[in-house]
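As the structure is a computational prediction, the values presented were derived from the model and not from experiment. Heads up: numbering here begins at 1 and tracks the sequence.
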Amino acid sequence: MSLGGATSSRYVFIASLSTPMVVGWYEPLQPDPMGIRASEVKGLWRWWARAFVAGAMYDLGLLEGFSPRDVVLSPSRDDVKRINFVVGKVMGLGYAGDAGSEASRFTIYTEYTGRGSLQPKCSSDGLQRIMLLALKKSVCFYSPGPATRFSIAVEKRRSVDSNAELTAVKILVAVLQLSGVGNGGRRGLGSLDLSLPPELSFRDLRQLISDVYDSTVDIVKRVASREHWNVRRQVAAPPLPVVSRKSFRGMPVTRVLLARARDFQAVHNFFTRSERCRVLTGSPMCDDDLRKTLNAWILGLPRGRRGAISTGYTLRSISRRASPILVAYHTRVNSLGEGAYISILFSADWPTEVEWYGAGHQRIAIDLNRLCDAYTIAVNELTAYLQRLGIVTSSIWP
C-alpha cells in the first residue's frame with residue numbers, strides 16, 4: 001500500500017491484499033463488487049481513534065468508568081462525551097454533541113484498481129473463520145495477490161487543527177497495520193500491505209504507534225486543560241479497549257506482538273479449539289487450559305450465541321463481546337514489516353455473567369479477578385501455541 005498525494009489535504013492509499021478478504025454471500029447476495037467499502041474503513045478508523053484517545057485519557061487519569069448491573073465496567077457518560085469530542089471535533093472525524101454538530105473533515109473514496117475484474121473464491125482454504133461463516137451459507141472471498149489492488153483516497157475538506165488532523169491520518173495508517181477489513185478482519189482476514197511516502201515514513205510499527213500515542217497524549221492534555229476536565233475518581237481498569245502504556249495488576253493493558261510467521265493460516269486457526277489441540281497435543285480433541293478453566297469466552301462471544309441453548313457459551317445481558325485479541329498479517333512488501341501483528345487489549349467491558357452448555361450447564365460469574373485470569377491463560381496458551389509451531393515473537397508495544 002502506498003500513501004501520497006499532491007498536497008497535504010489529500011492522501012491516496014494503494015492497497016494490496018495480503019490475506020483473503022470475505023466480501024459477501026453468493027446466495028442470495030452477490031459478492032461486493034467494490035471490494036473495500038469506504039464506510040468500513042471509516043468505521044475501523046473511528047474505532048482505533050477512540051482506543052488511542054481513551055488510552056491517553058486512562059494514562060492521564062481522566063477516565064471515570066462505572067459499573068452497570070450487567071457489565072463489569074463501562075465508560076461513564078462524561079467519558080463517552082470527552083472521547084467523542086476529541087475524536088470528532090478535534091481530530092475531525094465527525095461529531096454530534098454538546099459542542100455542536102460537525103461533519104467529518106475527511107472524505108474517503110475507495111476503488112478497485114487491480115487487473116481484470118474481481119473474481120471471488122468460494123472454498124474455505126482451511127481458514128477457521130471462513131469455515132465458521134460457511135456453516136449456514138456459501139461464503140466467498142477475494143484471494144491475495146498483486147492483481148488484487150485498491151485505492152483508498154482520503155481527502156481533507158478543510159483544516160481546523162492541523163496537528164490533530166495529521167495525528168488522525170497517522171492513526172489510519174496504524175489501523176491498516178493492526179486490523180483487516182471485511183468479515184473476519186479481527187482474525188486477520190482482509191489484511192492490507194502498504195508502503196509509505198517520505199512525509200509519513202516510519203522505521204517500523206513500534207515507531208508509528210509511539211508517535212501516534214505521544215501526539216494523542218499531547219492533544220488530550222491540551223483539550224483537558226482548555227475544557228477544565230476533572231474526574232471524581234480514576235477508574236482502576238480501562239472500561240473500554242484502549243492503547244495505553246500502563247499495566248493493570250502487573251499485566252500490560254495493551255500489547256502488540258510481532259509473530260514472524262510465514263504461514264498466516266497457523267496464527268489464524270489458533271482461535272478454534274481443535275486446531276489449538278492439534279498443535280499443543282497432537283490430537284484435535286483435548287481439554288486445553290481455556291477449556292479446563294471454562295475461560296474460552298475470552299476469545300469472543302458472537303451475536304449468534306445470544307440466548308442460544310446449545311454447546312458453548314451464551315449471553316443473556318448484552319448482544320455480543322468481540323475478542324480482545326486482534327490479528328493482522330503482512331507480507332515482505334509491507335513497509336512496516338512482515339509477519340502477524342497480534343494486538344491484545346485488556347478492558348473490563350465484559351458481561352458479569354455468561355452461561356456454558358456442554359456435558360452440563362454452568363453459570364460463570366465474571367469480575368476483574370476472573371478477567372485477569374482469563375487474559376493470562378489466553379496469552380500463555382497463545383505463546384505456547386506459537387512456540388510449538390516454531391514461530392518467534394517479539395514485543396512491539398509497550
Side-chain angles (χ1 to χ4, degrees), residues 43-44 46-84 86-87 171 174-175 178-179 185-187 209 212-213 216-217 220 231 233-257 271 290 295-303 313 315 317-327 341-354 364-379 382 397-398:
L44 286 171
R46 287 189 62 87
W47 192 93
W48 278 99
R50 287 193 294 267
F52 273 100
V53 170
M57 291 175 61
Y58 177 69
D59 289 2
L60 293 169
L62 294 172
L63 279 186
E64 290 182 343
F66 78 110
S67 300
R69 182 170 60 89
D70 296 326
V71 180
V72 179
L73 277 177
S74 285
S76 70
R77 182 174 297 180
D78 281 345
D79 292 337
V80 173
K81 286 182 178 180
R82 291 168 177 177
I83 292 167
N84 287 338
V86 176
V87 171
I171 289 174
V175 167
L178 298 172
S179 291
R186 281 177 170 257
R187 296 288 188 260
I209 296 176
V212 171
Y213 172 84
T216 305
V217 167
V220 170
V231 295
R233 58 181 176 81
Q234 181 184 359
V235 72
L240 73 165
V242 300
V243 178
S244 164
R245 286 194 188 275
K246 275 192 172 184
S247 293
F248 178 73
R249 297 185 182 179
M251 178 175 58
V253 166
T254 309
R255 273 178 274 199
V256 180
L257 306 175
F271 297 92
L290 286 167
N295 280 320
W297 47 267
I298 198 69
L299 298 182
L301 296 163
R303 286 189 184 90
Y313 299 90
L315 286 164
S317 58
I318 63 175
S319 62
R320 73 184 295 250
R321 206 320 180 165
S323 172
I325 304 177
L326 294 80
V327 177
Y341 291 115
I342 304 171
S343 305
I344 306 167
L345 310 179
F346 175 84
S347 59
D349 51 339
W350 286 87
T352 53
E353 182 181 276
V354 297
I364 301 168
I366 301 176
D367 56 15
L368 283 176
N369 292 328
R370 181 96 191 211
L371 273 175
C372 289
D373 289 343
Y375 271 85
T376 299
I377 291 169
V379 172
L382 173 62
W397 181 268

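Taken to the nearest 0.5 Å, the CG atom of Leu178 stands 5.0 Å off from the CD1 atom of Ile209. Separation of atoms CG (Asp78) and CG (Leu62) is listed at 11.5 Å; rounding is to 0.5 Å. Atom OG of Ser67 and atom CG of Asp367 lie 11.0 Å apart (nearest 0.5 Å). Here Asp70 contributes atom CG and Ile366 contributes atom CD1; the two are 11.5 Å apart, rounded to the nearest 0.5 Å. To the nearest 0.5 angstrom, Leu290 atom CG is 5.5 Å from Leu299 atom CG. Note: Ile364 CD1 to Tyr313 OH = 5.0 Å, rounded to the nearest 0.5 Å.
The side-chain heavy atoms of Thr254 and Arg245, taken from C-beta on, include no pair separated by under 4.5 Å. Contact of the Leu240 side chain with the Ile83 side chain is registered, since non-hydrogen atoms from C-beta on lie closer than 4.5 Å. The shortest distance between side-chain heavy atoms of Lys246 and Pro238 does not fall below 4.5 Å. Here the side chains of Trp47 and Val175 are not in contact, with every heavy-atom distance at 4.5 Å or above. Side-chain contact between Val354 and Leu315: present, with at least one pair of heavy atoms (C-beta onward) separated by less than 4.5 Å. The shortest distance between side-chain heavy atoms of Val217 and Asp59 does not fall below 4.5 Å. Proximity of Leu63 to Val231: side-chain heavy atoms (C-beta onward) are nowhere separated by under 4.5 Å. Put simply, the side chain of Arg186 reaches to within 4.5 Å of the side chain of Leu326, judged on heavy atoms.
Smallest separation of non-hydrogen atoms from Val72 and Ala348: CB-O, 3.2 Å. Of all heavy-atom pairs between Val220 and Met57, the closest is CG1-CG, 3.8 Å. When all heavy atoms of Arg233 and Gly65 are compared, the pair lying nearest together is NH2-O, 3.0 Å. Heavy atoms only, all atoms of each residue included: Leu73 and Ala237 are closest at CD1-O, 3.6 Å. For the pair Phe346 and Pro252, the tightest heavy-atom approach, listed with the atom from each and the gap, is CB-O, 4.4 Å. Nearest heavy-atom pair across Pro239 and Val235 is CD-CG1, 3.9 Å.
A side-chain donor-acceptor contact under 3.5 Å links Ser76 and Asp79. Under 3.5 Å, the side chains of Asp349 and Ser347 contain a donor-acceptor pair of N or O atoms.
A ring-ring contact (aromatic ring centres under 6.0 Å, His included) with Tyr213 holds for exactly one of Phe52, Trp397, Tyr58, Trp48; it is Trp397.
Taking the six-membered ring where tryptophan is involved, the planes of Trp350 and Tyr375 are perpendicular, since the angle between them exceeds 60° and thus also 30°.
Arg82 contributes no side-chain N or O that, together with a main-chain N or O of Ala54, makes up a donor-acceptor pair within less than 3.5 Å.
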